[in-house]
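In what follows, a structure is listed as structure tokens, so that the remarks can point back to it.
First the proteins, then the strands, lettered A, B, ... as listed; each starts at 1.
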Number of protein chains: 2
Amino acid sequence: MITKNVAALALDATLHARGLRLTRQRRIILEVVRATDAHPTAALVYRRVRRRLPRVSLATVYRNLRTLAAEGVLTERADPSGVRFDGNTASHDHFTCVACGRIYDVPARADRAVRARVASRTGFEVLNHRTEFYGRCGACRRPGGRSPVTGQRRK
Amino acid sequence: MITKNVAALALDATLHARGLRLTRQRRIILEVVRATDAHPTAALVYRRVRRRLPRVSLATVYRNLRTLAAEGVLTERADPSGVRFDGNTASHDHFTCVACGRIYDVPARADRAVRARVASRTGFEVLNHRTEFYGRCGACRRPGGRSPVTGQRRK
DNA sequence: CGATTGTTGATAATGATTACTAAAAATGTC
DNA sequence: GACATTTTTAGTAATCATTATCAACAATCG
């Protein structure tokens, strides 16, 4: 490839500093994760990567999601439905709709007071924090939305 | 059984209202989860229950953890290391030590303002929220604690 | 008691993730 | 570019956690 965009160059440098290479597979896997805010599972990433790299192996997808998460290039999240990945590495919170299961990003408040309070109470060193909200999203609150109990559409 | 304590009676009533029975297995599984604040995995619960009921089946443990969680008698939590259970159903936050992996309970602040703010910003209905803190706990900060990077003891 | 319903233990089945390995690709050196 | 070295890949087997199945058992109710 003759041209590379700036982001790819920066990423390449980041990886190289750790003895890692920016392969075609790795780049596309990252692009797929970054292209959505739907917090995809490994299986979903695999399906989408395969549209662009039909011969990619599922193991390659898993391996790279893990590697990229370890490098901090993307983040890993777990909830009872399984492990999900998030290309948005900026600090942010999440809202999980108990009716439809969708996970929405919520901008984090700039709130170092919260960390400081926990640190002073526990004596622990707080490096990071994230809040998970649970409730019903706009779509599910409206008539026709899904009930959180029955999962059926409301009228 | 001739005597039952009040808690067991209340639980029995709760379950009966849903057509569920308080069996020996179910009661002991719950007791085991409640007896620790270590947020045990299903495998750990199984090992401990077996000390009191040597013939219990792993499937019974899974089945009941799921059932009890569905009844709201205990809660289910997931992180990248897997699914864990929490007998403390009071609203509280968590602190995960990135060095040793231990999960500590952190008393929740009485903070409806946080929920209200998210609700007004998103238009969603917020039913619940929980904050996850990450950092190094007291033991791991001290000399001899584990480095979050290498996992080795520090000197 | 007898009928009904819920539960258990044992184990098979499933699904997600990881381990393994020979071949291929990327990188560095001349 | 050719070569040696290192990393990565595809394909697949292995592992691990969880769930499904089902016949036997236990609790509950009339």
Take the protein atom [atom1] of [X] and the nucleotide atom [atom2] of [N], then report the distance between them rounded to whole Å.
X	N	atom1	atom2	value
B/Y46	C/dG9	OH	P	9 Å
B/L68	C/dT7	CG	C1'	13 Å
A/L58	D/dA13	CG	P	14 Å
B/L53	C/dT7	CG	P	16 Å
A/E71	D/dT7	CD	P	13 Å
A/R27	C/dA25	CZ	C1'	14 Å
A/R50	D/dT9	CZ	P	17 Å
A/R55	C/dA24	CZ	C1'	12 Å

Counting distance only, does the side-chain N/O of B/T60 pair as donor-acceptor with the main-chain N or O of B/V56 below 3.5 Å?
no

Given protein heavy atoms under 4.0 Å, the one-letter contact record of nucleotides 24-30 of chain D, with B base, S sugar-phosphate only and - none, is simply --BBS--

For B/R102, look at atom CZ and say whether over 12 heavy atoms of other residues, nucleotides or ligands are found less than 6.0 Å away.
no

List the atom of A/D79, the atom of B/A78, and the distance in Å for their closest heavy-atom pair.
C-CB, 3.3 Å

For residues B/H92 and B/V106, report the shortest heavy-atom separation together with the two atoms involved.
CB-O, 3.5 Å

So which nucleotide from [options] ends up closest to the side chain of [X]?
X	options	answer
B/V56	D/dT18, D/dA10, C/dG9	C/dG9
B/V83	C/dT17, D/dT12, D/dT18	D/dT18
B/L20	C/dT7, D/dG11, C/dA10	C/dT7

Any side-chain N or O of [X] below 4.0 angstrom from OP1/OP2 of [N]?
X	N	result
B/Y62	D/dT19	no
B/R63	D/dA20	no
A/Q25	C/dA25	no
B/R26	C/dT7	yes

Can you classify the ring geometry of B/F133 versus A/H129 as parallel (below 30°), tilted (30 to 60°) or perpendicular (above 60°)?
parallel

Are B/Y104 and A/F124, when compared by the centres of their aromatic rings, separated by less than 6.0 Å?
yes

Starting at CD1 of B/I103, measure out to CZ of B/R84 and round the result to the nearest 0.5 Å.
4.5 Å

With DNA chain D as reference, determine whether B/A42 or A/T60 sits nearer its 5' end, using the nearest nucleotide of each.
A/T60

Salt-bridge criterion met for B/E132 and B/R77 (N-O under 4.0 Å):
yes

Counting any heavy atom closer than 4.0 Å, what does A/A59 reach on the DNA or RNA strands: base, sugar-phosphate only, or nothing?
base

Looking for any heavy atom pair under 4.0 Å, which part of the strands does B/G19 touch: base, sugar-phosphate only, or nothing?
sugar-phosphate

